[in-house]
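This report refers to the structure that appears directly beneath it.
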Amino acid sequence: MKKSNELPKAYEPSTVEDGVYSAWEKSGVFKPQGKGAPYCIVMPPPNRTGTLHLGHATMLAIEDLMIRFHRMQVDRAWWIPGTDHAAIATQVKVEKELQKKGIKNPRQELGREKFLKKVVDFAQESRDTIVNQVKKMGSSCDWESEKYTLDEERNKAVNEVFTMMYEDGLIERGYRLVNWDPQFQTTLSDDEVETKEVKAKMLTFRYDKDFPIVISTTRPETKFGDTAVAVHPKDKRYKKYVGKTFTPTFCGKTLTIQVVADDAVDPEFGTGALGVTPAHSMIDEEIAGRHHLPMVQVIGKDARMIADEVGEGFGGLTIEDARKKVEAYLEKAGLLQSVEDVDQNLPVAQRGGAPVEQLPMKQWFVRVNKPFKLRNATLGKWKKGDKATLKELMIHAVKSKQTNIVPERFDKTYFHWIENLRDWCISRQIWFGHQIPVWYHANVCIPKKGREKDVAKCLDLIVSATKPICAFCNAEYEQDSDTLDTWFSSGLWTFSALGWPDKKKWEKNRAFHPTAVLETGYDILFFWVARMILMSTYVLGEVPFKDVYLHGLVRDEEGKKMSKSLGNVIDPLDVIPKYGTDAVRLSLVIGTSPGQDMKLSDDKIKGFRNFTNKLWNISRFVLTQVDKTEIIKSKFQIPKNATLADEWILVRLDEVTKHVTEKIQKYEFSSAGEELRDFTWNDFADWYLEIAKIESGKSEILYHVLQRILILWHPFMPFVTEYVWGLAGYEGSAITTPWPVVETKNQKLGTGNKEVKRFETLRDVVVTIRRLRADMNVEPIQKVEVVITGMKSLEDQKDMIQTLTRSSSLQFMKEIPEGWVSASAGKGMVAFNPEGTVDLKKEKARLEKELKEVENYLSGLEKKLSNTEFMKKAPKNIVEDMTAKRDEAKEKRDSIRVRVEVL
RNA sequence: GGACGCUUAGCUCAGUUGGUUAGAGCGACUCGUUUACACCGAGUAGGCCGGGGGUUCGAAUCCCUCAGCGUCCACCA
């Protein structure tokens, strides 16, 4: 072990961190230990699309904090790491990379097998990078239980749930309108579609000159697919046409247009008549559904016009070209009434940004509004066999507080999203992902011998993880080529990571589910959190996690989103070598609040780097003061010759310990860290350490306080605390040291406590003495007078001042005025005017005013405390607090009264 | 259009079912380098808590209203 005076003056994180981490990893402490209460966090799996960003770093810092805290509370803490295959995101990434290398159409050119191999290789590389970064952050996760959303076990879970849902009628195949991304040739869920504001032209026109109704649209090219014109039922202008059918010729194509009345139409907008295009607009599809209108698709998967369904000359055109051509046609034919420039919200793909088309397609859907028979007793509300919908389960999970969202206001957002939730399209036309476990019967039936009559019984479709064999004929089954939405597998994450559906593994880990908390950014509340609740309540009948902690997004100094194109990205791997992991972690945890975006700057991280260095130097100093051979390893006890300063620091230490513990439990990490920093820097380093330089015999206390500080800081800054722990020679390692439990039986803590007050007054005196020195010729006696009135007698004052100043080498006033209280103070003297030098009349007036205020305050409190209704519903601690405040105010009132009388 | 959030010191933000004199970090300014630390210490200045109204003995905090900024959802065809 190095001697502390040989330690470098500044903490050098880069020489420390890797060694500390690998020592932890080797010792096996990341695995759940002992027999405490299960405490499990399943890590939100980062996408295997490359590298981690600060959002991930935030997630890791907070989760590691919670895990370490609970591990030290001797819970069976288990943090399961993993990565997400991220289906479309990863595939897109690889396609782009391959295109850069000159392969224009990677999927066509390579074929499914070769292309998938490329994606899998890339995903593996990403995984290795990510794991490295996660370790760099100091994350104490159990690497031996690492999972992947696309590994074999997770695939089993996916197939199992798919089958269950299919059997329950919750998954069905249907020909419906879906979001289609023409760029990547796949469907998208509603959540993967964003809107972009663009300038558009709104045309007001007739289909042809004989058609009686004028309509408006920004998408004239889709009008080939119109099958109706809808008007409001009460609109007098169009009443005579409702129910009639027309056959106008629109740009060379004959349409069949019914006029229908529907409440969804706003009579005030445009002409009050809406051309209904069921195949290319969700709203129109709904209207069409109500009136049983046919659906005519005019745009194909390639985002070009379908030749058979449009007028001559329009087939094969791109949407843009067709739009221009329709407009030109209408104008030429004199059908165009007006053209107006409008702002339009264009749906675009979240990834890639291409405009999304709404097309009717045969796809797989999860039905969220369909009642089904529950397989388990669910959420304590439903019995096995009861009927409910998935939506109802999702709502009840949060309404009943079985899952708590922090901060609470996101409840509303969550409920609102669920209420508007439509069936979830889960099939994707991409290759990378869980292939849909559905098999289709080949068209040609070649009957097996003797089963000729049964051929009619051949099943068209079988849901199965493995290739089925037809009982009646020799036709082969072919698996659906589509894959599942990536969120389908992530929805199962909490329990699939714990081994479900494997019976043995699941039974072994059953106690860890529901997991303790899900910590993630609020931006994926819908994508993921809601779907995990859906899956877990459906499959297991219980919530996936007890709490949800949502952190804010990390933005740059100007509040902009960090993005590569803006060049304002702070890469965790850049700042970690510069300032150390501990500093980066602190800057992501302190000065932030849940659900609120945070701005991060280099200066902020630098500030916390300074703090880690402060802690380092505190330790260095303490270790020079301590002769470890003298320190007995038995339990720390307050020395018999303890001074007031000693008692004060120890009382504060317990107080801070208690507060920090409570705050972490309440997810108030920032506040906990701030209080701890204030104590460490202001109380311990700047004040107590200074006294310890002069007063001897403090080594035990110094050693004890340092130990406690290291423990309390450990979840926030694991590396420096662990390293110092070792240097200081404390028993074991910081990571496994039990969290201190503060005895509060005989020692009431809190700011109202008399003892604490006394010590604090004492500290104020010290501070004032320092000020006195600084302002030696200014005589700021009045301020000192205020401090002295807090003490009971002159004897007390003398005693206290002596105690204090013994520890001070400061110089004080040269001459002591008559009548002042004086005390020896090391090399000099310190003096106070007990009466103060204030104007007595002014002072009396001031006191009377103060008295009035206090009396007022007191009567308000008493009024409230005598209010029976308030007393009934008010929580105990509030009442206690108010009572204490009342007593305190009473005391103050009495003391002021006395002083007023004297004057 | 609906919902949510933000507005507090020059900057970044705390402020716990209303409580006495509104806090911290950074920055600014003054002073200080003698043995833990200049990645330091001791101090100082700086606030009509976005505007207006209300409830209350008492409001940054609760209610109403207006304004600016931001986010999400839905979308008008």
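Only a predicted model underlies this, so the values are computations on that prediction, with no experimental measurement involved. Lettering of chains follows the sequences in order, A, B, ..., and the numbering in each one begins at 1.
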Handout entry: Base-pairing mate for B:rU12 - Watson-Crick or G-U, with both contacts under 3.5 Å
Key = B:rA24
Completion exercise
For A:Ile283, the side chain to side chain contact (heavy atoms under 4.5 Å, CB included) test, sequence neighbours excluded, returns A:Ser281, A:Ile287
Handout entry: B:rC48: pairing nucleotide in any strand, Watson-Crick or G-U under 3.5 angstrom
Key = none
Practice task
Report which part of the nucleic acid A:Ser593 touches: base, sugar-phosphate, or nothing (heavy-atom distance under 4.0 Å, all strands).
Solution key: sugar-phosphate
Exercise for the section: Quote, to the nearest angstrom, the C1' distance that separates B:rG2 from B:rG18. Expected result: 31 Å
Handout entry: Touch class at under 4.0 angstrom, heavy-atom based, for A:Thr277 against every strand present
Key = nothing
Problem - Sub-6.0 Å ring centroid separation between A:Phe608 and A:Phe716 - result: no
Exercise for the section: Please work out if A:Ile283 contacts a base, only the sugar-phosphate, or nothing of the nucleic acid, heavy-atom cut-off 4.0 Å. Expected result: sugar-phosphate
Problem - Under 4.0 angstrom between A:Lys614 side-chain N/O and B:rC39 OP1 or OP2 - result: no
Practice task
Mind checking A:Tyr11 for me? I need base, sugar-phosphate or nothing, with any heavy atom below 4.0 Å counting as a touch.
Solution key: nothing
Exercise for the section: Step through it carefully: locate the ring centre of A:Trp713, locate the ring centre of A:Phe679, and say whether they are under 6.0 Å apart. Expected result: no
Exercise for the section: Give A:Ala685 one of three labels, base, sugar-phosphate or nothing, depending on what nucleic acid heavy atoms sit under 4.0 Å from its own. Expected result: base
Exercise for the section: Could you give the distance separating B:rU55 and B:rU65 at their C1' atoms, to the nearest angstrom? Expected result: 15 Å
Practice task
With rounding to the nearest 0.5 Å, note down the distance linking OH in A:Tyr579 to OG1 in A:Thr612.
Solution key: 11.5 Å
Handout entry: Nearest-Å distance once atom C1' is located in both B:rU8 and B:rG47
Key = 7 Å
Exercise for the section: Check every strand shown and say whether A:Ser859 touches a base, only sugar-phosphate, or nothing at a heavy-atom separation below 4.0 Å. Expected result: nothing
Polar pairs (N or O, both sides) under 3.5 Å between protein and nucleotides 5-7 of chain B?
| unit_1 | atom_1 | unit_2 | atom_2 | d |
| --- | --- | --- | --- | --- |
| B:rG5 | O2' | A:Gln596 | NE2 | 3.2 |

Between the protein and nucleotides 25-27 of chain B, are there any N/O to N/O pairs under 3.5 Å, and if so, what are the atom names and distances?
none

Practice task
Would you classify A:Lys412 as touching base, sugar-phosphate or nothing, given that sugar-phosphate means primed atoms plus P, OP1 and OP2, and contacts are heavy atoms under 4.0 Å?
Solution key: sugar-phosphate
Problem - B:rG25 to B:rA42 separation - P atoms, rounded to the nearest Å - result: 11 Å
Practice task
Can you tell me, in whole Å, how much space there is between the P of B:rU61 and that of B:rG50?
Solution key: 8 Å
Exercise for the section: May I ask you to evaluate whether A:Lys9 reaches the phosphate of B:rC37, defined as a side-chain N or O under 4.0 Å from OP1 or OP2? Expected result: yes
Practice task
Compute whether any side-chain donor of one residue and acceptor of the other, for A:Lys604 and A:Ser587, lie under 3.5 angstrom apart.
Solution key: no
Problem - Any donor-acceptor pair under 3.5 Å from A:Thr271 side chain to A:Val214 backbone - result: yes
Exercise for the section: Assess the side chains of A:Asp262 and A:His232: does a donor N or O sit below 3.5 Å from an acceptor N or O? Expected result: no
Practice task
Indicate, with a heavy-atom threshold strictly under 4.0 Å, whether A:Gln344 touches base, sugar-phosphate, or nothing.
Solution key: sugar-phosphate
